[in-house]
Protein chains: 2
Amino acid sequence: MNIKEIAKKAGVSVATVSRVLNHPESVASDTKERILTVIKESEYTPNWFARGLNFNKTNTIALLIPNILNPGYMEIAKGVEDVAHQKDYTTLLCNGENDVSKERRYADSLIKRRVDGIVLVSSLLEDEDVELIKKQGIPVVLIGENRNISDVSIVRIDCQGAAYKAVRHLIDIGYRDIAIIYGDTPEIENMRKLEGYRHALSEEGIPDREELILVAPNTVEGGYIAAKKLIDMEKRPRAIFASSDLLAFGVIDAMKDFGLKVPEEIAVMGFDNIRMSNLIEPKLTTVEKPMHKMGVLGARLLFDLMDSKEEEDSANREILLQSKLKIRKSCGHRERIGEIF
Amino acid sequence: MNIKEIAKKAGVSVATVSRVLNHPESVASDTKERILTVIKESEYTPNWFARGLNFNKTNTIALLIPNILNPGYMEIAKGVEDVAHQKDYTTLLCNGENDVSKERRYADSLIKRRVDGIVLVSSLLEDEDVELIKKQGIPVVLIGENRNISDVSIVRIDCQGAAYKAVRHLIDIGYRDIAIIYGDTPEIENMRKLEGYRHALSEEGIPDREELILVAPNTVEGGYIAAKKLIDMEKRPRAIFASSDLLAFGVIDAMKDFGLKVPEEIAVMGFDNIRMSNLIEPKLTTVEKPMHKMGVLGARLLFDLMDSKEEEDSANREILLQSKLKIRKSCGHRERIGEIF
DNA sequence: ATGAAAGCGCTAACAG
DNA sequence: CTGTTAGCGCTTTCAT
């Protein structure tokens, strides 16, 4: 069923049919109605490709995230989708699986598909990849820091500052032997968290103990295994700062399996404040990362870029969000409960 | 940059360029190479729309799920995506948000976009909606039961049987006052679970206590609130069967808040076996629903349909999966540990 | 207000 | 092996 058949059935030219579809105001209301009924009866849907060929616009944005099984990323996705949906855009959700080559394949495919814009979340892509995309006239925004991409608009949080405050809190409530387990991905953000950790310790004159600094796959299992190493140490730490809640869950699980009480025998601090973090036992003290908001702001930024594509104000924008400490049970606490900053 | 310019630069006709793109074997290797370099240098990407206009195929399937924040659904999504990616298809992930009208909007948009196939997960759509899609020549498969759609291929699990076994287990280990909290979505599946619950009780001659049957929004919060009602009862139940792990998490959280020990004072059974269910305290006894597998099988089914679109073997197929009980701590237990069936 | 016709960029017969 | 050309279905001047 195509526009020609509709035109014939309605006894008009294709141009008129096209007009009622695109500029209905410019068609006499009786012909318009006639055509409209024919369209309805014939269950006619204008061919997407033919339209696209003329408009060269897809009304689609893409969202490339590292892992759809990670609830944090899905909250970001929800934020992006919320604003896209509101603007009547479809969003293509792509699962990069923390694999550069897979991300690259997606990027290619997205360029081909001529999406109108791309949001990259904690991407592993590099400057050249992004350059390629932008060269095709497709705006890009990053959510979350990335070592390899510089020339791009971004929304991110102050990881270092947040980690600093988290460790600072641990110190404030009396801990000194503090370990850190940081995830392997996203790399840069975790390096920043490590810096924040080091900063807090050194500020307090606490000597570095390199064996207390562990990397792990950013999963529950990763946390478990790393925690096991810490447990087996002769000089076991009294507190553990995990760079994500998922890791922290693994840590707490290990503590249970090996009979160590949290927080009485060992304190655990997370990062992200995903939904589950106040459902596990003990409820997790963690850094609240405003995921949904990051998604929303990222999408808005992207739409801004898309609207102003032609103009010259191509300066990259950067949105920096702060995160708050969410104090619950897993670290023990004195008088202060709730959000302290 | 279009095919014409490439042709000119390479000193050949557009047909030849098109050939190296689609049937490279039919082009002399020296001309081919020349053209290829021009393409590379010019960073030329064939226009997706023009191609689509000829092929009338998008290499895209769509996946419509009720809630991207629900980890169970994302596991299904992962399954679908895995097989699609392997076949070099892109998958469009749409978030219906348990809202029929939103789902309908998506369905419309997907028809327009001429996706090659659609997987509906626990959809709220009705037969007519699906009819509309199929009439456009787009194959559809359902994952999870649905009251309103009958004429379609489907992969599902035996909810009633699974619920029966779950409650049966509760009875076997000594409970008689068993409440059920079932989620409002997906409706049909939860009705089946309710039937399974009733069946198990009546089989044992345990009288129905209607006040022990509660509906709730299928979220952690929903479980919490429903559990609160149960706690406040004069004749409080000794066990609670929740129709999803999310609900069960809410239930357990409520028990903690109100000082009831699980399972000593009250047993809690979940459904789904999502990743978190063995991380909470106590580890959740639950029904293992093979989400990823459902996604994989659903996608395979869809590709089968897509391949045989023209042929007449349009009989709907149905794949019925069984689920296993995953016995952990939250219900207490006698000798049996592990999977019993 | 409506129609005729020229593209949009690409593919695939058909000829050579 | 390669070029010419007729569409694919739609939008949009340009006439009328």
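Below, chains carry the letters A, B, ... as their sequence lines are ordered, and counting in each starts from 1. What's counted below: heavy atoms across the whole structure, side chains too, no hydrogens, waters or symmetry copies.
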Atom-pair distance (CG on B:Leu21; P on C:dT11), nearest Å: 6 Å
Tell me, which pairs form a ring-ring contact (aromatic ring centres under 6.0 Å, His included) where one or both residues lie in residues 107-134 of chain A, sequence neighbours left out? none
Please tabulate, one pair per line, each protein N/O and nucleotide N/O from nucleotides 1-4 of chain C that are separated by under 3.5 Å, including the distance.
residue : atom : partner : partner atom : Å
C:dT2   : OP1  : A:Thr31 : OG1          : 2.9
C:dT2   : OP2  : A:Ala28 : N            : 3.0
C:dT2   : OP2  : A:Thr31 : OG1          : 3.1
C:dG3   : OP2  : A:Ser13 : N            : 2.9
C:dG3   : OP2  : A:Ser13 : OG           : 3.1
C:dG3   : OP2  : A:Thr16 : OG1          : 2.6
C:dG3   : N7   : A:Arg19 : NH2          : 3.4
C:dG3   : O6   : A:Arg19 : NH2          : 2.4

Within the distance-only criterion (no hydrogens, no angle test), does the side chain of B:Ser18 pair as donor or acceptor with the backbone N or O of B:Val14 below 3.5 angstrom? no
Specify the separation, in whole Å, of atom OH of B:Tyr44 and atom P of C:dG9. 10 Å
Output every pair passing ring-ring contact (aromatic ring centres under 6.0 Å, His included) with a member in residues 93-121 of chain B, not counting sequence neighbours, ordered by first then second residue. A:His85-B:Tyr106
Find out whether A:Lys289 and A:Met294 are in side-chain contact, i.e. whether some heavy atom of one side chain is under 4.5 Å from a heavy atom of the other. yes
What is the distance, to the nearest angstrom, from the NZ atom on A:Lys57 to the C1' atom on C:dG9? 20 Å
With B:Arg300 via side chain to side chain contact (heavy atoms under 4.5 Å, CB included) - residues at least two apart: B:Val296, B:Leu297
Figure out the CG/P separation between B:Asn47 and C:dG7, and round it to whole Å. 18 Å
Closest non-hydrogen atom pair between B:Gly298 and B:Ile143, with its separation: CA-CD1, 4.0 Å
Divergence of helical axes at both termini of the helix from C:dA1-D:dT16 to C:dG16-D:dC1 - five pairs an end, 10° steps: 40°
Going by distance alone, is a donor N or O of one side chain under 3.5 Å from an acceptor N or O of the other, for B:Ser123 and B:Glu103? yes
Does the side chain of B:Asn54 get closer than 4.0 angstrom to OP1 or OP2 of C:dT11 through an N or O atom? no
Between C:dG9 atom P and B:Ile39 atom CD1, what is the distance in whole Å? 16 Å
Run the side chain to side chain donor-acceptor pair (under 3.5 Å) test on B:Thr90 and A:Arg113 for me, step by step, so that the C-alpha distance in whole Å, both residues' side-chain angles and the decisive distance to 0.1 Å come before the verdict. CA-CA 10 Å; B:Thr90 299; A:Arg113 290 183 133 72; 3.1 Å; yes
Pick base, sugar-phosphate or nothing for B:Asn22, based on heavy-atom distances below 4.0 Å to the nucleic acid. sugar-phosphate
Check whether any side-chain heavy atom of A:Ser150 lies under 4.5 Å from a side-chain heavy atom of A:Asp127, and answer yes or no. yes
To the nearest 0.5 Å, tell me how far A:Ile118 CD1 sits from A:Leu92 CG. 9.5 Å
If you measure only the distance, is there a donor-acceptor pair under 3.5 Å linking the side chains of B:Asp151 and B:Asn316? yes
When all nucleic acid strands are considered with a 4.0 Å heavy-atom cut-off, which category describes A:Phe49: base, sugar-phosphate, or nothing? nothing
Please report, rounded to the nearest Å, how far the P atom of C:dT11 is from the NE2 atom of B:His23. 8 Å
B:Asn56 CG to C:dA12 P, straight-line distance once rounded to whole Å: 13 Å
For DNA chain D, note the earliest and the latest nucleotide, 5' to 3', having some atom under 4.0 Å of a heavy atom belonging to chain A. D:dG9 to D:dT13
In whole angstrom, what separates B:Leu53's CG from C:dG7's C1'? 13 Å
